Amino acid sequence: MARIPAIVWAFCLVSFALVMDRWIPIAHGVVCQACGAILFLLGLGTSSWAWLLLARHHCLGLPTDAPPRLVQEGPFRWSRNPMYLGTLAIMMAFPFWTGSAYFWLACVLYFAIVGECHIPLEEATLRERFGMAFDSYCQRVRRWL
């Protein structure tokens with residue numbers, strides 16, 4: 001599971017929820033849609049900010065590649081995984097927009113897959129590359145929020 005990029009998992013899970021919602025739709029209202037829009041914008045902003053910081057520090061690449069620098073600024077001050085967090089927030093917008101409970105299932109599965117398969121591999125790479133500096137960072141900053 002860890003070899004499949006997390007964004008692919010997110011796309012597949014959201015697609016599954018869309019198909020299920022077509023079969024068994026659930027009603028929803030304007031307030032839910034507004035909440036969904038807020039979550040979507042927060043997620044997009046968080047992911048984009050994190051991605052731009054990583055790009056600026058030349059830290060983009062495969063998640064298991066050792067980056068040249070441990071980025072601890074911007075959204076990385078509050079979360080060790082702001083890109084995953086942003087993707088999860090974007091996914092959480094869908095149940096509010098559609099009113100479908102299937103999207104909540106997709107969110108839970110994404111959270112589990114990323115938390116159990118992707119993040120541990122990335123953290124092992126960072127721990128190997130940065131040692132005590134990464135351990136100190138982990139003590140100060142939570143994995144998600």
Side-chain angles (χ1 to χ4, degrees), residues 1-65 67-127 130 133-145:
M1 275 198 239
R3 294 192 185 271
I4 299 172
I7 196 72
V8 172
W9 278 111
F11 177 78
C12 291
L13 292 168
V14 166
S15 297
F16 170 77
L18 278 170
V19 170
M20 291 303 294
D21 188 52
R22 286 291 209 189
W23 289 340
I24 308 171
I26 301 170
H28 62 286
V30 175
V31 173
C32 285
Q33 289 178 340
C35 290
I38 291 167
L39 273 172
F40 182 84
L41 292 173
L42 285 172
L44 184 62
T46 301
S47 290
S48 298
W49 187 13
W51 188 88
L52 288 170
L53 275 173
L54 291 176
R56 189 176 81 198
H57 293 293
H58 309 289
C59 294
L60 291 175
L62 294 175
T64 54
D65 289 347
R69 180 168 185 253
L70 182 61
V71 178
Q72 301 179 51
E73 60 195 66
F76 293 95
R77 288 180 291 198
W78 303 291
S79 172
R80 295 195 313 256
N81 300 286
M83 291 172 74
Y84 291 139
L85 183 64
T87 301
L88 182 61
I90 290 168
M91 289 179 69
M92 289 172 61
F94 284 89
F96 285 103
W97 283 338
T98 64
S100 173
Y102 300 111
F103 284 104
W104 288 117
L105 175 62
C107 293
V108 169
L109 291 174
Y110 177 80
F111 182 80
I113 290 167
V114 168
E116 295 300 318
C117 300
H118 289 269
I119 292 174
L121 291 174
E122 292 175 11
E123 286 183 345
T125 301
L126 292 169
R127 187 165 280 111
F130 299 108
F134 181 70
D135 289 336
S136 173
Y137 174 63
C138 289
Q139 289 176 351
R140 287 190 323 275
V141 178
R142 291 175 167 234
R143 179 179 271 182
W144 291 97
L145 269 180

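Nothing here was measured: the structure is a model prediction, and the numbers come from that model.
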K.L.:
For L53 versus G74, what's the shortest heavy-atom pair and its separation?
P.N.:
CD1-CA, 3.7 Å
K.L.:
I'd like to know if the side chain of H118 and the backbone of I4 have a donor-acceptor N/O pair within less than 3.5 Å.
P.N.:
yes
K.L.:
Could you tell me which non-hydrogen atom of F103 sits nearest to which non-hydrogen atom of P95, and how far apart they are?
P.N.:
CB-CD, 3.4 Å
K.L.:
Mind listing the closest non-hydrogen atom pair of M91 and A106 along with its distance?
P.N.:
CE-O, 3.6 Å
K.L.:
Could you tell me whether the side chain of H57 reaches within less than 4.5 Å of the side chain of P68, counting heavy atoms only?
P.N.:
no
K.L.:
When you look at Q139 and D135, which way does the side chain to side chain contact (heavy atoms under 4.5 Å, CB included) test go after all the steps?
P.N.:
CA-CA 6 Å; Q139 289 176 351; D135 289 336; 5.5 Å; no
K.L.:
For the CD1 atom of I38 and the CE atom of M92, what is their distance to the nearest 0.5 Å?
P.N.:
12.5 Å
K.L.:
Kindly compute the distance separating OG1 (T125) from CZ (F134), expressed to the nearest 0.5 Å.
P.N.:
9.5 Å
K.L.:
Evaluate the ring planes of W49 and W78, with Trp represented by its six-membered ring, and classify them as parallel (under 30°), tilted (30 to 60°) or perpendicular (over 60°).
P.N.:
tilted
K.L.:
With N81, which of I119, L145, L88 fulfils side-chain contact (heavy atoms from CB on, under 4.5 Å)?
P.N.:
I119
K.L.:
Considering residues, nucleotides and ligands other than R142, do more than 12 of their heavy atoms fall under 6.0 Å from its CZ?
P.N.:
no
K.L.:
Rounded to the nearest 0.5 Å, how far apart are SG of C59 and CG of L126?
P.N.:
9.0 Å
K.L.:
May I ask you to decide if V141's main-chain N or O and R80's side chain share a donor-acceptor pair within less than 3.5 Å?
P.N.:
yes
K.L.:
Locate the shortest heavy-atom distance separating S79 from W144; write the atom from each residue and the value.
P.N.:
OG-O, 2.7 Å
K.L.:
Would you give the length of the straight line joining atom SG of C117 to atom CD of E122, rounded to the nearest 0.5 angstrom?
P.N.:
11.5 Å
K.L.:
Using 30° and 60° as the class limits, which term best fits the ring planes of Y84 and Y110: parallel, tilted or perpendicular?
P.N.:
perpendicular
K.L.:
Quick one: closest heavy-atom pair of Y137 and F76, and the distance?
P.N.:
OH-O, 2.7 Å
K.L.:
Within this structure, what is the SG-CZ distance for the pair C138 and R127, rounded to the nearest 0.5 Å?
P.N.:
5.0 Å
K.L.:
Which atoms form the tightest heavy-atom contact between L60 and A55, and what is the distance?
P.N.:
CD1-CB, 3.5 Å
K.L.:
Do W97 and F40 have ring centres separated by under 6.0 Å?
P.N.:
yes
K.L.:
Does the ring center of W9 lie less than 6.0 Å from the ring center of F111?
P.N.:
no
K.L.:
As an exercise, state the distance from CG of L41 to CD1 of I90, rounded to the nearest 0.5 Å.
P.N.:
9.0 Å
